[in-house]
Amino acid sequence: MEGTVFTPCLEGMKHVKTEHGEMLTKPFLELCKTILPVIDKFGAAMTLVKSDIGGNISRLEKNYLSDPDKFKYLYTFVQVEIESKTAKGSSSCTNGLLWLTRAMDFLVELFRNLVAHQDWSMSQACGDSYQKTLKKWHGWLASSSFTMALKLAPDRKRFMDVISGSGDIYADMERFCAEFGPLLQDNHKFLASVGMDDMKAS
């Protein structure tokens with residue numbers, strides 16, 4: 001593998017915003033897709049996360065493709081749904097963007113932990129990231145299924161070997177967190193500004 005498993009993500013981040021700082025729908029969704037192969041390397045522990053992310057990308061992409069000009073900018077989905085009073089529906093794009101962003105928060109926190117705590121086991125890094133990000137938004141059911149799945153976390157050393165490729169994996173992870181984290185914060189800021197950042201799961 002040329003570079004590390006993060007190389008496509010780091011490349012994709014350069015194209016997500018316009019020069020005026022507006023988040024573009026297609027490049028943002030493409031960027032999220034480049035993270036799916038990274039999640040694959042976790043195996044069964046991340047099956048839930050992967051299907052959740054994949055489902056939310058598909059939902060947003062389907063709406064984007066229905067009118068690419070109208071939905072050129074990522075936050076248009078939310079503005080349109082707020083006007084039509086459908087933003088809070090469980091199958092809304094607003095809900096999709098919120099949960100996609102939260103799942104990515106979890107991954108950024110996880111990779112941050114792997115960089116900062118090189119003595120931690122994978123399940124410790126996953127558990128800590130879950131507590132800091134997704135747990136407060138999950139109800140009992142989601143929380144218990146998630147906690148069960150994380151028990152299947154792979155061996156850390158084996159995982160690091162698989163994702164390293166020919167690049168400097170820790171440097172790429174750090175860059176991924178430093179550059180992707182602020183994009184996710186932008187999503188939260190926008191969602192909070194329209195009162196949509198605190199929806200919970202059952």
Side-chain angles (χ1 to χ4, degrees), residues 1-17 21 23-24 26-57 60 74 97-138 146-189:
M1 173 169 58
E2 192 56 42
T4 69
V5 79
F6 288 101
T7 304
C9 313
L10 294 171
E11 187 49 44
M13 281 187 225
K14 298 173 188 166
H15 312 292
V16 171
K17 283 182 165 186
M23 197 85 76
L24 293 162
K26 193 170 191 300
F28 180 77
L29 296 178
E30 292 300 328
L31 171 60
C32 292
K33 282 185 200 170
T34 65
I35 296 159
L36 294 174
V38 185
I39 303 172
D40 272 337
K41 306 289 188 258
F42 281 94
M46 292 284 176
T47 312
L48 279 170
V49 179
K50 188 180 177 199
S51 67
D52 198 41
I53 289 174
N56 286 322
I57 292 174
L60 293 163
L74 188 61
L97 177 61
L98 176 62
W99 283 101
L100 177 58
T101 303
R102 285 174 178 171
M104 294 297 172
D105 287 336
F106 164 71
L107 292 171
V108 165
E109 196 56 49
L110 170 54
F111 293 123
R112 209 173 264 145
N113 275 342
L114 291 174
V115 172
H117 304 283
Q118 298 189 16
D119 54 331
W120 282 13
S121 69
M122 184 61 88
S123 51
Q124 192 177 356
C126 286
D128 180 80
S129 310
Y130 180 62
Q131 293 288 338
K132 285 182 187 157
T133 56
L134 287 169
K135 192 175 194 310
K136 64 174 169 286
W137 305 114
H138 276 171
F146 211 90
T147 310
M148 283 296 290
L150 293 181
K151 288 188 165 58
L152 305 169
D155 171 72
R156 177 180 177 135
K157 185 182 178 323
R158 200 171 308 135
F159 174 78
M160 296 305 288
D161 289 346
V162 168
I163 65 170
S164 291
S166 64
D168 178 342
I169 188 61
Y170 282 108
D172 276 8
M173 260 188 203
E174 210 164 335
R175 238 186 92 196
F176 170 75
C177 296
E179 293 177 22
F180 196 37
L183 295 176
L184 300 174
Q185 282 314 307
D186 286 348
N187 287 356
H188 284 301
K189 271 183 210 144

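Only this structure's heavy atoms are used, side chains among them; waters, hydrogens and symmetry mates stay out. All residue numbers refer to positions in the sequence shown, counting from 1.
Summarising the geometry of Asn113 relative to Ala125, their closest heavy-atom pair is ND2-O, 3.3 Å, with the distance given to 0.1 Å.
For Glu179, the CD atom is densely surrounded, since the number of other residues' heavy atoms within 6.0 Å is greater than 12. Heavy atoms from other residues, nucleotides or ligands lying under 6.0 Å from NZ of Lys135 number 12 at most. In this structure, Lys26 places its NZ atom where only 12 or fewer heavy-atom neighbours from other residues, nucleotides or ligands lie under 6.0 Å away.
At least one side-chain heavy atom of Leu114 sits under 4.5 Å from a side-chain heavy atom of Met122. You'll find the side chain of Val115 stays beyond 4.5 Å of the side chain of Arg112, heavy atoms only.
If you check the side chains of His188 and Asp105, you find a donor sitting under 3.5 Å from an acceptor.
Panel note: side chain Ser166, backbone Gly3; a donor-acceptor pair is recorded below 3.5 Å. Side-chain atoms of Asp128 do not come within 3.5 Å of backbone N or O of Gln124 as any donor-acceptor pair. Of the possible donor and acceptor atoms, one in the side chain of Arg156 sits under 3.5 Å from a partner among the backbone N and O of Trp120.
Partners of Ala171 according to the side chain to side chain contact (heavy atoms under 4.5 Å, CB included) rule, which considers only residues two or more places apart in sequence or in another chain, are Asp168.
Between Tyr130 and Phe106, the ring planes lie perpendicular to each other; the angle is over 60°, past the 30° to 60° tilted range.
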Where do Asp186 and Lys17 land on the side-chain contact (heavy atoms from CB on, under 4.5 Å) test, with the steps shown first? CA-CA 11 Å; Asp186 286 348; Lys17 283 182 165 186; 2.5 Å; yes
Hey, mind stepping through Leu98 and Arg102 against side-chain contact (heavy atoms from CB on, under 4.5 Å) and telling me if it holds? CA-CA 6 Å; Leu98 176 62; Arg102 285 174 178 171; 3.6 Å; yes
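Here Phe180 and Phe6 keep their ring centres 6.0 angstrom or further from each other.
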